[in-house]
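Read through the structure below, which is laid out as structure tokens, and then see the notes.
Reminder, nothing fancy here: chain letters follow the sequence lines and each chain counts from 1.
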Amino acid sequence: MSDKILLIDGHSILNRAFYGLPDLTNSEGRHTGAVYGFLNILFRILDEEKPKYLTVAFDLHEPTFRHKMYDAYKGTRKAMPEELREQVPLIKEVLTAMGIKIVSKPGFEADDLLGTLAVRSEKEGMDVTILSGDRDLLQLATEKVLIRLPKTSRGKTTIENFHTQEVIEKYQVTPPQIIELKALMGDSADNIPGIPGVGEKTATKMIVEFGSIENAYAHLEEVKPNKAKESLREHYDMAVLSKTLATINTDSPIDYSYEEAELKELYTPEAYQLCKQLEFKNLLSKFDTAVMPENPIEQNFFSCSDLSGVDALFKKASDKAYVGISLLADKENIYGLGIALEKEEIYYIPVEGLLTGDFLCASMKDLAKTTVLCALDIKQFLKHVPLEDETQVFDIGIGAYLLNPLKSTYTYDDIAKEYLDGVLLPAREDLLGKDSLKKAWESSADGLMAYSCYMAYTAFASRIPIENSLKDSGMWKVYREIELPLIFTLDSMEKYGICVKGEELKIYGKKLQVRIEELEKQIYEVAGEEFNINSPKQLGTILFEKMGLPGGRKTKTGYSTAADILEKLAAEHPIVKDILEYRQLAKLKSTYADSLASVIGPDGRIHSTFNQTITATGRISSTEPNLQNIPVRMELGRLIRKVFVPEEGYVFLDADYSQIELRVLAHMSGDETLIQAYREAQDIHRLTASQVFHVPFEEVTSLQRRNAKAVNFGIVYGISSFGLSQDLSITRKEAAEYIEKYFETYPKIKSFLDGLVAEGKEKGYVTTMFGRRRPIPELKSGNFMQRSFGERVAMNSPIQGTAADIIKIAMNRVYKRIQQEGLKSRLVLQVHDELLIETKKDELEIVSRILEEEMKGAAKLSVELEVDMHEGGNWYEAK
DNA sequence: TGCGTCACG
DNA sequence: ACGTACGTGACGCAG
């Protein structure tokens, strides 16, 4: 087999990647999306082609010969956006680090270099592949030269491939004739003037008929249509110029050695460093551990596996003010412990023989009496080492979250990079691969010690920088008084869990199943065939193609079959109602009945995880299972709440804030009308309607009230006339009028929201009443969509976030009061504005007083925080 | 794995 | 002109 060479059009692929992918930046705000996209496509092609040689060609910035000709003629060049421009040197740097040959030459475009190398290589007897985003390159296709054009449509990349034959099939002309086409049609992007009045159709006809522009002129009288003939006649010199401009030079005088272009090891240490800095996490896994640089920190790792040594170690640790801790543990087992006493003194203790997990945990409980334990995830730590005093611990993960809540994970290597002067530590995956801790342990992976020590090191070393940053940014109080105590509150909620009746859940699931099968049958019958109703794609085909229903909104992949679309179609055909019911039941069965049943523990209770470092606004989230989205709005779904029950001798007490976000808005904006409204009104939406629509309170119609309610919601979400119009099924204009009237009624709300956006733009972040920050990089975006999103976020986050702060404060206080007063009752759930307490029957009175006092008293606002409370024998009754 | 959908606040 | 309400998590499908 002959050798293969891959030639890449650097700028054009970078361009493709830039425009095809969302604007990606690393945590320093450096734009990296185009480089990332480039590398992804490079690896994909390398994988497919496995070439022996590889070369990437770039234009230089100075104008080339061909451009000069036309610039002189027309004098225009297109500008490159700054976000892309700064990535050009970056991709060159990465390619160089990977040992990839780059060519460019003053006075020559990348096209010319590619053309020259393609012709030269073909002559050498090689197979040539050219990767470009530019169709001009098609003129280079031959039997041996393959042109590959990546296309990004709907987010994914497909590649079109062209040898001579494919060019002819697609364009009806041979590759060299592509030049003629292009010269006739012109190309504004490429600054080729072309012949006025000649487009793709005419050009193709002409070349198919005459073969070349010259021949067309030779038979000018035969050229049709007349318009084109006249234009050709008039613009002869334009045709000549265009052809020159469109022709890629295949004989450029470049020095080129195949030896240098030979593909070598791409995954070099230099490339690793770069990918790490750019935060290309997916790419890092491609690197072999062998290329990872030796880290000086590692020389300070010590293994400690004898009892007396460990005793001495804990003794030494107890003299420190604080230490870094990493506990290697999962739900079942403890595998080892890392302790950092100093930056240069880190120990690893594997669980082994007399050094049991229990022993280590007991030692740490002791250690906590004298020394602050710093770790990445204190809540996980508490699962094995129960502590009660928040002053005994420091959580660097939560600190890092507060400082930037937009990250999706808070891993030690990220934190080290961020807070320890950019130090690059090997990530978990570098050390342990994708294996679970258990697996790594069983195969006694030697990465365990490094993993544990790096984590302990990071916890130790970043404590001070994180603490300082929190103080500098005004978030120390949020950390110290809200988030840190909340760790203990959430830990307790997770440990208690909530009792769920598994048997009844099964019965409920079976009932659903019966009806689901009925509906299935009915739907198949009406549709005339069996299909997967759960597949939006198949469903769309049946409804909108086979049955001919009017298809509305489109999604990326086809027709939308979302509920709001189907509801509007319900009158068109009875099948739609059945589908909606089917959907509802299928959801209830799969997400609630079945999966809830599968996570009931041996104690008969569900122990959800409450995440403290997920949301951008400061809310907590709940996973495995999510107990914050148990149905309540529809009766059938709401019934599920009957299986959530308190244990014997207890009842549920459920307390929720009434319209907390609107009250927060009233307070933060200081709008007297809204504040006054809250001081007077039972029904805020009715009152809003009466004020906005200028009708007496008693005469507000239900429609007016509904509209006012939607506007109130809209305000909290960062109002837009479009969003409101969608929600209310009214025109944008009407929605805009509602909003205008609303702002007339509550003028300070308008200036408050405007102020938030202005503040966000100026500072790059917005804050809650308590100082919690949310960065909003989107506000700086040049993209209208992104920027608008940023503006809505700027309006919403302080409100949602303040409400989140308030309920967190309330949770902590309720938790502590229950503890202090020695009660048996316990907080078991939080659902954003709602707390559920499993209450000992004889403690009902005191607990309801605690709830009321602490929830209402959690924040001092200019309007009352109102709390609704209900008790019941299950969650359904208590809500 | 990403998307569409839908459950909650 | 752009094309959407804010914040989440889980499921099933399709590639």
Side-chain angles (χ1 to χ4, degrees), chain A residues 154-156 158 282 405 531-540 553-566 579-580 583-596 598-599 608-611 614-634 636-638 640-641 656-657 659-661 665 710-711 713-728 732 735 739 766 774 776 778 781-801 803-804 807 829-834 879:
Chain A
R154 294 169 189 167
K156 52 183 187 210
T158 51
N282 293 344
F531 65 100
N532 189 342
I533 309 170
N534 287 320
S535 161
K537 200 181 153 199
Q538 292 183 38
L539 180 61
R553 186 174 71 216
K554 292 269 182 71
T555 63
K556 283 177 193 169
T557 50
Y559 299 102
S560 170
T561 63
D564 60 320
I565 301 274
L566 294 191
I579 289 169
L580 283 167
R583 276 254 182 90
Q584 198 194 354
L585 300 193
K587 175 93 177 182
L588 289 175
K589 179 155 163 50
S590 72
T591 306
Y592 299 104
D594 294 351
S595 66
L596 231 38
S598 73
V599 289
S608 172
T609 302
F610 293 99
N611 288 298
I614 297 287
T615 71
T617 51
R619 279 186 175 181
I620 57 178
S621 87
S622 154
T623 49
E624 275 180 288
N626 181 355
L627 293 181
Q628 292 181 319
N629 72 347
I630 303 301
V632 68
R633 293 173 194 172
M634 306 280 275
L636 181 65
R638 191 174 192 149
I640 290 183
R641 295 180 174 230
D656 71 291
Y657 281 114
Q659 293 163 344
I660 185 167
E661 291 185 345
L665 174 66
V711 177
F713 268 96
I715 295 289
V716 171
Y717 290 158
I719 195 89
S720 83
S721 55
F722 183 89
L724 183 64
S725 72
Q726 285 295 296
D727 190 53
L728 288 177
R732 255 181 85 164
I739 294 168
V766 291
R774 159 141 193 197
I776 316 180
E778 294 90 347
S781 169
N783 176 305
F784 174 86
M785 261 297 297
Q786 295 242 324
R787 202 172 53 249
S788 306
F789 172 74
E791 288 167 3
R792 294 195 293 273
V793 164
M795 297 187 258
N796 170 264
S797 294
I799 302 171
Q800 191 183 116
I807 193 156
L829 281 186
Q830 186 254 41
V831 192
H832 308 307
D833 64 354
E834 167 190 2
K879 177 77 187 160

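For A:Q538 and C:dA14, the shortest distance from a side-chain N or O to OP1 or OP2 is below 4.0 Å. Regarding contacts with the backbone of C:dC13, a side-chain N or O of A:N532 is found under 4.0 angstrom from either OP1 or OP2. Residue A:K587 places none of its side-chain N or O atoms closer than 4.0 Å to OP1 or OP2 of C:dG12. Contact annotation: A:T561 reaches the phosphate of B:dT5 (side-chain N/O to OP1 or OP2, under 4.0 Å). Checking the phosphate oxygens (OP1, OP2) of C:dA10, no side-chain nitrogen or oxygen of A:S590 falls inside 4.0 Å. Within the structure, a side-chain polar atom (N or O) of A:R792 is placed less than 4.0 Å from OP1 or OP2 of C:dC6.
The side chain of A:I719 lies closest to C:dA5 when the candidates are C:dA5, C:dG9, B:dG9. Each of B:dG9, B:dT5, C:dC13 was ranked by its minimum atom distance to the side chain of A:V831; first place goes to B:dG9. In the set C:dC6, B:dG9, C:dC13, C:dC6 carries the atom at the smallest distance from any side-chain atom of A:V793. Closest to the side chain of A:T623, from the set C:dA10, C:dT4, B:dG9, is C:dA10. Here the nucleotide nearest the side chain of A:A563, chosen from C:dG7, B:dC8, B:dC6, is B:dC6. Across B:dA7, C:dG7, C:dT4, the shortest atom-to-atom separation from the side chain of A:N629 is found for B:dA7. Taking the side chain of A:S621 as heavy atoms from C-beta on, and the options C:dG3, C:dG9, C:dA5, the nearest nucleotide is C:dG9. In the set B:dG4, B:dG9, C:dT4, C:dT4 carries the atom at the smallest distance from any side-chain atom of A:S720. Between C:dA5, C:dG7, C:dG3, one nucleotide has an atom nearer to the side chain of A:M785 than all others, and that is C:dG3. For A:T615, counting side-chain heavy atoms from C-beta on, the closest listed nucleotide (C:dG7, B:dG9, C:dA10) is C:dG7.
B:dC6 and C:dA5 are spaced 14 Å apart, taking the P atom of each and rounding to whole Å. Taking atom C1' on both B:dA7 and C:dC2, the two are 31 Å apart, rounded to the nearest angstrom.
Note on A:S622: only backbone sugar-phosphate atoms sit closer than 4.0 angstrom, heavy atoms only; bases stay farther off. Among the atoms of the strands shown, only primed sugar atoms or phosphate atoms (P, OP1, OP2) are found under 4.0 Å from some heavy atom of A:F789. Within 4.0 Å of A:A616, counting heavy atoms only, lie sugar-phosphate atoms of the nucleic acid but no base atom. Using a 4.0 Å heavy-atom distance criterion, A:G714 is classed as a base contact. Within 4.0 Å (heavy atoms only), A:L588 reaches no atom of the nucleic acid at all.
One cannot find a donor-acceptor pair under 3.5 Å joining the base of B:dT5 and the side-chain atoms of A:R583. Under 3.5 Å, the side chain of A:R633 and the base of B:dG9 form at least one donor-acceptor pair of N or O atoms. Residue side chain A:Q628 does not reach the base of B:dC8 through any donor-acceptor N/O pair under 3.5 Å, judged by distance alone.
Each of A:F722 and A:R774 was matched to the nucleotide of DNA chain C holding its nearest heavy atom; the match closer to the 5' end belongs to A:F722.
Rounded to a whole Å, the CG atom of A:L627 is 11 Å from the C1' atom of C:dG9. One can place CG of A:D564 at 8 Å from P of B:dC6, the figure rounded to the nearest angstrom. Taking atom CG of A:N534 as the reference point, atom P of B:dA7 lies 13 Å away to the nearest angstrom. Separating the NZ atom of A:K879 from the C1' atom of B:dG9 is a distance of 9 Å, rounded to the nearest angstrom.
The backbone N or O of A:I630 lies less than 3.5 Å from a partner atom in the side chain of A:R641, making a donor-acceptor pair.
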